K.L.:
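Here it is: the structure, laid out below.
The structure displayed is predicted, hence computed values, not measured ones. Because only heavy atoms are used, hydrogens play no part in the values below, and waters and symmetry mates are left out as well, while side chains stay in.
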Amino acid sequence: MRHLRKETVSFILITFLSVNAICQEKANSVAESDIKVEKRKKKKKKYRLPKVDLRHWSVTIPEGNGKGKALTVQPPAILDYATNEALKPYMYNDSVAGALVFHAYPSNSTTANTKYSRSELREQMVSGDNNTNWTFAQGGHLKAKMAMGEVSKGKDGKYHKVIIAQIHGRLTNEQRELIGQKDNNAPPILKIYWQEGKIRVKTKVLKYAGVDQVGILHKEAWVDDEGRTFEEEVGFRKFLIGVNVTDGKMVVSLNKNEFFVYDDISIRKWGIFENYFKAGNYLQTRDEGAFAKVRIYELDVEH
């Protein structure tokens, strides 16, 4: 009988120790699982910043005191955009996506030569100075990784179109005085649109190819071409825009896969102007309630 009791006690003790070991193993497994989940959560909280060096860009936003008086913020002030109360509604980080977001809507504050509002960067070769620009002979290259964010629709059910990048012309002071113009503004030789999920390109062409060196300086000498649209539909996905300018030639590319080449008489004669790149959100509507957001992930310019 005593022997039986000993065996029973031994069995109970062994069973208790086995159950306890299993419980500990499960507890350790759960603890390890919790650690892995916690690590995954920590990884998800990583913040990413856009690859945009703002030291050579100013920005114009839909704030200001009316037509021709839209607010422009120059370097170095633009570097503090995250804490600048005027800029924060129109230019801010999406730190999850790693993008710089540009928001625009039709306000009463525009630049002098347009009815549309913008939240758009303007290249400055010399930080804080608009008077140093580049010619086609000097060349220029822009690379931008972008995506369209939220955008409104018109009464026709179509998305409002947005200019996302430009090459804008500029008169030298001597050219401005020669034709008696009040400012240095010249037409944009290149406009790149996001339109209904596709990327569309428009350039300027001469009305009359034989215009002289003075007449060519006037805005009236130039008109928009018919435009060309890349085949790929980018929708709201990321896409890569490339613009390469050399003397008498301009190449625009989408995702390093499709290319538009411009090397006609108009492009060759455009060499008379100075130029600067622009990128961001230039909303092409005055519809009430309209808005758009453009995301820039990477922006690089070389000369």
Side-chain angles (χ1 to χ4, degrees), residues 48-50 52 54 57-73 78 80-122 144-166 168 188 190-202 227 229-230 233-241 254 277-299:
R48 293 188 290 174
L49 294 175
V52 182
L54 293 170
W57 298 90
S58 64
V59 66
T60 300
I61 59 174
E63 287 284 350
N65 298 311
K67 185 173 176 60
K69 296 182 179 179
L71 179 63
T72 295
V73 178
I78 191 175
D80 298 321
Y81 66 92
T83 56
N84 185 306
E85 292 302 320
L87 290 181
K88 280 164 69 174
Y90 309 105
M91 177 182 176
Y92 54 88
N93 286 336
D94 180 339
S95 56
V96 175
L100 187 54
V101 182
F102 292 86
H103 172 223
Y105 68 95
S107 74
N108 293 324
S109 299
T110 65
T111 52
N113 298 288
T114 182
K115 62 182 179 180
Y116 299 128
S117 300
R118 70 185 83 206
S119 180
E120 187 181 36
L121 296 172
R122 193 266 197 216
K145 183 179 287 186
M146 312 176 78
M148 177 57 65
E150 298 172 80
V151 59
S152 54
K153 292 182 178 181
K155 292 179 181 178
D156 59 1
K158 294 182 178 180
Y159 289 111
H160 288 120
K161 63 182 178 180
V162 180
I163 294 177
I164 57 173
Q166 299 186 72
H168 214 290
L190 174 68
K191 293 182 287 188
I192 302 177
Y193 295 80
W194 183 93
Q195 187 171 347
E196 282 296 293
K198 288 200 168 187
I199 303 302
R200 182 164 170 78
V201 180
K202 299 193 81 171
T229 303
F230 287 110
E233 183 171 344
V234 299
F236 295 89
R237 303 186 307 275
K238 291 180 186 178
F239 56 87
L240 185 65
I241 292 292
L254 175 63
F277 285 115
K278 304 192 83 176
N281 182 351
Y282 184 17
L283 181 59
Q284 300 293 287
T285 183
R286 294 291 308 171
D287 286 359
E288 185 177 353
F291 67 92
K293 294 179 181 179
V294 174
R295 300 172 181 272
I296 299 182
Y297 299 85
E298 297 178 18
L299 182 61

K.L.:
Please examine the side chains of Val294 and Tyr282, heavy atoms only from C-beta on, and report whether any two atoms are closer than 4.5 Å.
P.N.:
no
K.L.:
State whether the side chain of Asn93 and the backbone N or O of Ala82 hold a donor-acceptor pair below 3.5 Å, judged by distance alone.
P.N.:
no
K.L.:
Please report the shortest heavy-atom distance between Asn281 and Ala104, naming the atom on each side.
P.N.:
ND2-N, 3.4 Å
K.L.:
Any side-chain heavy atom of Ser109 sitting closer than 4.5 Å to one from Glu63?
P.N.:
no
K.L.:
With no hydrogens and no angle check, do the side chains of Ser119 and His103 hold a donor and an acceptor under 3.5 Å apart?
P.N.:
no
K.L.:
May I ask you to check whether over 12 heavy atoms, not counting those of Lys115, lie within 6.0 Å of atom NZ?
P.N.:
no
K.L.:
What distance separates Thr285 OG1 from His160 NE2, expressed to the nearest 0.5 Å?
P.N.:
3.5 Å
K.L.:
If every non-hydrogen atom of Gly289 is compared with every non-hydrogen atom of Ser152, which pair is closest and at what distance?
P.N.:
O-CB, 4.4 Å
K.L.:
To the nearest 0.5 Å, what is the distance between CG (Leu299) and OH (Tyr297)?
P.N.:
14.0 Å
K.L.:
So which atom in Ile78 and which in Ser58 form the shortest heavy-atom distance, rounded to 0.1 Å?
P.N.:
CD1-C, 3.9 Å
K.L.:
Please check: side-chain N/O of Trp194 versus main-chain N/O of Arg200, any donor-acceptor pairing under 3.5 Å?
P.N.:
no
K.L.:
In Å and rounded to the nearest 0.5 Å, what is the CG to CG distance from Leu100 to Leu54?
P.N.:
6.5 Å
K.L.:
Under a 4.5 Å cut-off applied to non-hydrogen side-chain atoms, are Ile164 and Phe239 in contact?
P.N.:
yes
K.L.:
Would you say the side chain of Tyr159 lies within less than 4.5 Å of the side chain of Met148, judging by non-hydrogen atoms?
P.N.:
no
K.L.:
Keeping Lys145 on the side-chain end and Ile241 on the backbone end, is there a donor-acceptor pair under 3.5 Å?
P.N.:
no
K.L.:
Atom NZ of residue position Lys69 - does it have more than 12 heavy atoms of other residues, nucleotides or ligands inside 6.0 Å?
P.N.:
no
K.L.:
If the threshold is 4.0 Å, N to carboxylate O, is there a salt bridge linking Lys158 and Glu196?
P.N.:
no
K.L.:
When the ring planes of Tyr90 and Tyr105 are compared, do they come out parallel, tilted or perpendicular, using 30° and 60° as the limits?
P.N.:
parallel
K.L.:
Could you walk me through whether Glu120 and Thr60 pass the side-chain contact (heavy atoms from CB on, under 4.5 Å) test, one step at a time?
P.N.:
CA-CA 6 Å; Glu120 187 181 36; Thr60 300; 5.6 Å; no
K.L.:
Please round to the nearest 0.5 Å and tell me the distance separating atom CD of Gln284 and atom NZ of Lys161.
P.N.:
6.5 Å
K.L.:
If you define the side chain from C-beta out and look only at heavy atoms, does anything of Ile163 sit under 4.5 Å from Tyr116?
P.N.:
no
K.L.:
Go through Val201 and Phe230 one step at a time and tell me if the side-chain contact (heavy atoms from CB on, under 4.5 Å) criterion holds.
P.N.:
CA-CA 8 Å; Val201 180; Phe230 287 110; 3.8 Å; yes
K.L.:
Are Phe102 and Leu121 side-chain neighbours, meaning at least one heavy-atom pair lies under 4.5 Å?
P.N.:
yes
K.L.:
Which value, rounded to the nearest 0.5 Å, describes the distance between Glu150 atom CD and Arg295 atom CZ?
P.N.:
7.5 Å
K.L.:
Without swapping roles, check the side chain of Arg122 against the backbone of Val59 for a donor-acceptor pair under 3.5 Å.
P.N.:
no
K.L.:
Quick check: do Met146 and Ile296 have side-chain heavy atoms less than 4.5 Å from each other?
P.N.:
yes
K.L.:
Does the Arg286 side chain pair with the main chain of Ser107, one donor and one acceptor, at a distance under 3.5 Å?
P.N.:
yes
K.L.:
Is a side-chain N or O of Asp287 found less than 3.5 angstrom from the main chain of Ala290, in a donor-acceptor match?
P.N.:
no
K.L.:
For the atom pair CG (Leu240) and CD (Glu298), what is the distance rounded to the nearest 0.5 Å?
P.N.:
8.0 Å
K.L.:
With the side chain counted from C-beta on, respond yes when Thr111 and Thr72 share a heavy-atom pair under 4.5 Å apart, and no when they do not.
P.N.:
no
K.L.:
Looking at every non-hydrogen atom in both residues, tell me the closest pair between Lys202 and Gly227 and how far apart they are.
P.N.:
CG-CA, 4.0 Å
